[in-house]
2 protein chains.
Amino acid sequence: MKYSIGEFSKLTHLGIHTLRYYEDEKLIIPERNNANRRCYCEKDFAWIAFIKRLKDTGMPIKEIRHYAQLRAEGNSTQNERMEILIQHRQVLKKQIRQLKEHQAKLDEKIKFYQEEITSQNQ
Amino acid sequence: MKYSIGEFSKLTHLGIHTLRYYEDEKLIIPERNNANRRCYCEKDFAWIAFIKRLKDTGMPIKEIRHYAQLRAEGNSTQNERMEILIQHRQVLKKQIRQLKEHQAKLDEKIKFYQEEITSQNQ
DNA sequence: CCTTGACATAGAGTTAACTCTATATTGTAT
DNA sequence: ATACAATATAGAGTTAACTCTATGTCAAGG
């Protein structure tokens, strides 16, 4: 199955402009048809999903580009790509730990407000 | 204990420029001494710690400003501030859930690489 | 007295990540 | 054949959150 940029935009919930921007940034470079139109495929869809994951976990576009370029070079870069992901796993782990701490502190603060407010109503 | 902006900058690990920017944005407005110099105190330190927490959990500065303005209005806004934090707790909860999902998928991918690589070495 | 360093304000510059505009082509329905 | 909607490129504009520069003030040490 092949998708025009418009279809692919709907599929991925990324704007047309964003897809072209990602192409400029060399994150995802789709095939072209004989009229020079972009032709995205299933594989591109899976790849975009992964790009989103990296973005959502705070990886900047430059780093994603690096990963994408290694990917484009083929199998010989598997090891290096794995290393990047292993590094990133550490980052993610730390993020989760920190957010949990923030959550705990936020809960404390909310509890404090609740106590303040109920004590005022007596 | 009172701190000049230079001291407070070191204490909070926020640049002097950033502290002044936060003041422009009405997040934290310290006292002034008779020479018009900023005078940060312990309470400001606790408040900056909380601002950082909100920032680190993705709250934009405009929303933090809103919270800060309510805070400046005093006790009568306690309820509204609590509501904001309760809302934000939901956001945070969702963030953590998502990051955990991303972590799981990342682990899968790493595992996949490891299997690929070991199978190639045989 | 004079220099120096920390502070003050106002406003310009930077960076990341989009997002939009202008203009030109092209495939499809009438 | 013609109109029109989707696509193409190049480049400008936007937003958030800083970060820096220019210029001026002032208190304390030599």
Side-chain angles (χ1 to χ4, degrees), chain A residues 1-41 44-45 47-69 88 91 95 102, chain B residues 1-41 44-45 47-69 88 91 95 102:
Chain A
M1 193 56 190
K2 299 281 183 170
Y3 308 98
S4 70
I5 192 165
E7 289 161 347
F8 198 64
S9 168
K10 275 167 198 159
L11 207 62
T12 57
H13 308 287
L14 291 173
I16 285 178
H17 297 299
T18 306
L19 287 169
R20 289 201 273 248
Y21 165 67
Y22 282 0
E23 189 170 338
D24 275 3
E25 293 294 323
K26 306 196 199 321
L27 301 194
I28 180 162
I29 299 170
E31 303 271 303
R32 298 290 179 116
N33 68 12
N34 43 12
N36 195 36
R37 302 290 171 87
R38 289 168 180 84
C39 263
Y40 294 92
C41 66
D44 290 322
F45 182 72
W47 173 230
I48 275 285
F50 190 63
I51 288 174
K52 279 179 164 184
R53 226 175 263 294
L54 294 179
K55 275 195 49 54
D56 284 357
T57 51
M59 189 183 283
I61 280 185
K62 281 188 180 179
E63 278 175 50
I64 301 177
R65 167 161 61 215
H66 179 214
Y67 186 92
Q69 277 168 344
H88 191 60
V91 173
Q95 274 180 55
H102 288 321
Chain B
M1 192 58 192
K2 299 281 183 170
Y3 309 97
S4 71
I5 192 165
E7 289 161 348
F8 197 65
S9 167
K10 274 168 199 159
L11 206 61
T12 57
H13 307 288
L14 291 173
I16 285 179
H17 297 299
T18 305
L19 287 169
R20 289 202 274 249
Y21 165 67
Y22 281 1
E23 190 169 339
D24 274 4
E25 295 294 323
K26 306 192 199 327
L27 302 193
I28 180 163
I29 299 168
E31 303 270 303
R32 299 290 179 117
N33 69 11
N34 43 13
N36 195 36
R37 300 294 172 86
R38 288 170 181 83
C39 262
Y40 294 91
C41 66
D44 290 321
F45 183 72
W47 173 229
I48 273 286
F50 189 63
I51 288 173
K52 279 180 166 184
R53 224 175 264 295
L54 294 179
K55 273 194 50 54
D56 285 356
T57 52
M59 189 184 282
I61 281 186
K62 282 189 179 177
E63 279 176 49
I64 302 176
R65 166 161 62 215
H66 179 215
Y67 186 92
Q69 279 170 342
H88 192 59
V91 173
Q95 273 180 56
H102 288 321

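Computed from a predicted structure; not experimentally measured. So you know, we letter chains A, B, ... as the sequences are listed, proteins then strands, and number each from 1.
Here the rule is side chain to side chain donor-acceptor pair (under 3.5 Å) with H102(B), and of K52(A), R53(A), Q95(A) only R53(A) fits it.
Closest non-hydrogen pair, K26(A) versus I29(A), comes out as CA-CD1, 4.2 Å. When every heavy atom of A68(B) is checked against every heavy atom of W47(B), the shortest pair comes out as CB-CZ2, 3.6 Å. Contact detail for R38(A) and Y40(A): the closest heavy-atom pair is CD-OH, 3.6 Å.
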Under 3.5 Å, which donor-acceptor pairs do the side chains of residues 10-19 of chain A form with other protein atoms, sequence neighbours left out?
residue: T12(A); atom: OG1; partner: F8(A); partner atom: O; Å: 2.8
residue: T12(A); atom: OG1; partner: S9(A); partner atom: O; Å: 3.4
residue: T12(A); atom: OG1; partner: L14(A); partner atom: N; Å: 3.3

What verdict does the salt bridge (Lys or Arg N to Asp or Glu O under 4.0 Å) test give for E25(A) and K55(A), after you've listed the backbone C-alpha separation in whole Å, the side-chain angles of each residue and the deciding distance to 0.1 Å?
CA-CA 14 Å; E25(A) 293 294 323; K55(A) 275 195 49 54; over 6 Å; no
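Between the CG atom of D24(A) and the C1' atom of dC20(C) there is a distance of 14 Å, rounded to whole Å. Atom CG of L19(A) is separated from atom C1' of dA6(D) by 14 Å (rounded to the nearest Å).
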Heavy-atom protein contacts under 4.0 Å, nucleotides 3-19 of chain C, coded B base, S sugar-phosphate only, - none
---BSSB------SBBB
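Looking only at side-chain heavy atoms (C-beta outward), Y22(A) and I61(A) come within less than 4.5 Å of each other. Looking only at side-chain heavy atoms (C-beta outward), D44(A) and I28(A) come within less than 4.5 Å of each other.
Relative to the axis of its first five pairs, the axis of the last five pairs of the helix from dC1(C)-dG30(D) to dT30(C)-dA1(D) sits at 10°, rounded to 10 degrees.
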